[in-house]
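Structure first, then comments.
On a predicted model such as this, the values are computed, not experimentally measured, just so you know. What you see below is based on every heavy atom in this structure, not just the backbone, and it leaves out hydrogens, waters and symmetry mates.
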Amino acid sequence: MTEGHRITVGPSGRHVRVRHGGLLLAESDDALVLRETGCPDRYYLPPGDVRLDLLAPSGTHTYCPFKGTASYWSLPGAPDLVWAYPDPKPGVAEIRDHLCFYEPEVS
């Protein structure tokens, strides 16, 4: 990690729900929250709590020097809506294969 950059991962302890266009895509009480310097909190949901049957792999991949290479999934009309780290860096290993969405509902 670079000087002053910090990432923590742990149980969110919150109910996380994800909708897109009125369609419920995910709902979890077992989400992890990733807190990273300079970024909004991100909730990573276990795959069993996500409607994977509605998502299609997009072929997009991005690289983060702190987390590793992310893979993306899309809905029709919503490209790269979801991402995950299938092989994350050791410091964030807990998020392996958990899925993240841009704007979840958190309660």
Side-chain angles (χ1 to χ4, degrees):
M1 298 238 180
T2 59
E3 185 72 28
H5 189 270
R6 181 179 165 104
I7 296 177
T8 62
V9 178
S12 73
R14 304 184 78 181
H15 186 77
V16 178
R17 184 179 299 115
V18 180
R19 296 179 196 272
H20 182 79
L23 183 62
L24 182 64
L25 299 178
E27 191 161 17
S28 182
D29 288 319
D30 296 316
L32 299 172
V33 62
L34 183 142
R35 293 183 170 98
E36 182 174 3
T37 302
C39 298
D41 290 354
R42 294 290 184 202
Y43 293 89
Y44 284 79
L45 285 67
D49 294 344
V50 177
R51 292 283 314 270
L52 297 173
D53 60 309
L54 300 175
L55 303 171
S58 75
T60 299
H61 300 280
T62 58
Y63 179 76
C64 169
F66 307 110
K67 295 184 290 288
T69 301
S71 297
Y72 289 77
W73 290 262
S74 300
L75 282 174
D80 300 337
L81 181 69
V82 186
W83 69 94
Y85 290 89
D87 189 24
K89 300 254 181 176
V92 294
E94 302 95 330
I95 65 170
R96 178 181 312 278
D97 295 325
H98 282 56
L99 292 104
C100 191
F101 297 79
Y102 284 105
E103 296 182 17
E105 301 168 19
V106 180
S107 58

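- Rounding to the nearest 0.5 Å gives a distance of 5.0 Å between CZ of Arg96 and CG of Asp87.
- Closest approach of Pro88 to Pro86, counting heavy atoms only: CD-C, 3.7 Å.
- Taken to the nearest 0.5 Å, the CZ atom of Arg19 stands 14.5 Å off from the CD atom of Glu103.
- A heavy-atom distance below 4.5 Å is found between the side chains of Ser28 and Pro46.
- With hydrogens and angles ignored, the 3.5 Å screen pairs no side-chain donor or acceptor of Ser58 with any backbone N or O of Pro79.
- Between the side chains of His15 and Glu105, no donor-acceptor pair of N or O atoms lies under 3.5 Å.
- Between Phe66 and His5, the ring planes are parallel. Angles under 30° get that label, and only those over 60° would be called perpendicular.
- Panel note: side chain Arg42, backbone Tyr102; a donor-acceptor pair is recorded below 3.5 Å.
- At a threshold of 4.5 Å between side-chain heavy atoms, the hydrophobic network of Ile, Leu, Val, Met, Phe, Trp and Tyr places Leu99 and Leu32 in two separate groups.
- Here the straight-line distance linking atom OH of Tyr72 with atom CG of Leu81 works out to 11.5 Å at 0.5 Å rounding.
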### Task
Give the C-alpha distance, both sets of side-chain angles, the deciding distance and a yes or no for side chain to side chain contact (heavy atoms under 4.5 Å, CB included) between Val18 and Leu24.
CA-CA 6 Å; Val18 180; Leu24 182 64; 6.0 Å; no

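- Taken together through direct or relayed side-chain contacts under 4.5 Å among Ile, Leu, Val, Met, Phe, Trp and Tyr, Val9 and Val106 form parts of separate hydrophobic clusters.
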### Task
Would you check, one step at a time, whether the test side chain to side chain contact (heavy atoms under 4.5 Å, CB included) holds for Trp83 with Thr60?
CA-CA 9 Å; Trp83 69 94; Thr60 299; over 6 Å; no

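- Between the side chain of Ser71 and the main chain of His61, no donor-acceptor pair closer than 3.5 Å is present.
- Atom SG of Cys100 is separated from atom CG of Leu45 by 8.0 Å, given to the nearest 0.5 angstrom.
- The shortest distance between side-chain heavy atoms of Leu55 and Leu75 falls below 4.5 Å.
- Under the 4.5 Å side-chain contact rule for hydrophobic residues, Val33 and Val50 share a cluster.
- Of all the heavy atoms in His20 and Ala78, the pair that sits closest is NE2-CB, 3.5 Å.
- The minimum heavy-atom distance linking Tyr63 with Lys89 is given by the pair OH-NZ, 3.0 Å.
- In terms of heavy-atom proximity, Lys67 sits nearest to Ile7 at CG-CD1, 4.0 Å.
- Side-chain contact check for Tyr43 versus Arg14: some heavy-atom pair is nearer than 4.5 Å.
- Linking Ile, Leu, Val, Met, Phe, Trp and Tyr whenever their side-chain heavy atoms come within less than 4.5 Å puts Leu52 and Val16 in one cluster.
- To the nearest 0.5 Å, the span separating CG on Leu34 from CG on Asp41 amounts to 8.5 Å.
- For the atom pair CG (Leu25) and CZ (Arg17), the distance works out to 12.5 Å, reported to the nearest 0.5 Å.
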